[in-house]
Amino acid sequence: MSSHEQVAIFWDYENCRAPSNLPGHAIVNSIRDIAHQFGVITTFKAYLDLSEPVSSKYPGIRSELQSSDVSLIDCPHNGRKDVADKMMIGA
């Protein structure tokens with residue numbers, strides 16, 4: 001694959017949460033390393049309900065994702081399912 005291809009990362013954080021024993025920047029770097037094999041990363045977004053309380057096991061995940069240049073996209077559920085999925089596809 002050409003290194004000039006553009007790659008976008010859309011992370012449904014609620015369905016694929018970060019392990020609590022790893023720092024957020026390490027997870028982001030691992031994801032970037034994999035995605036970079038396919039081209040230049042132009043976008044990295046994580047979709048999650050920002051109104052939910054942060055896990056007590058790993059309270060710094062949000063700030064670590066943001067400081068790693070990951071855009072956090074708020075997906076308030078308000079009793080609905082598949083909110084992040086629909087936001088990622090633009091529905």
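Below, all heavy atoms of this structure are taken into account, side chains as well, without hydrogens, waters or symmetry copies.
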Please tabulate, one pair per line, all N/O donor-acceptor pairs under 3.5 Å involving side-chain atoms of residues 68-76, not counting sequence neighbours.
residue : atom : partner : partner atom : Å
Ser68   : OG   : Glu64   : O            : 2.8
Asp74   : OD1  : Leu50   : N            : 2.9

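Residue Met87 holds its CE atom at 7.0 Å from OH of Tyr47, rounded to the nearest 0.5 Å. The CZ atom of Arg17 sits 9.5 Å away from atom CG of Asp12, with the distance rounded to the nearest 0.5 Å. If you take CD1 on Ile9 and CD1 on Ile34, they are separated by 9.0 Å, rounding to the nearest 0.5 Å. Arg62 CZ to Ser67 OG: the interatomic distance, rounded to the nearest 0.5 Å, is 14.0 Å.
Heavy atoms only, all atoms of each residue included: Ala18 and Ile27 are closest at CB-CD1, 3.3 Å. Taking both residues in full, the closest heavy atoms of Glu5 and Phe38 are given as CB-O, 3.4 Å, listed atom of the first, atom of the second, then distance. Scanning both residues, Leu65 and Gly24, for their nearest heavy atoms gives CD2-O, 4.4 Å.
Between the Trp11 side chain and the Leu48 main chain, no donor and acceptor come within less than 3.5 Å of each other.
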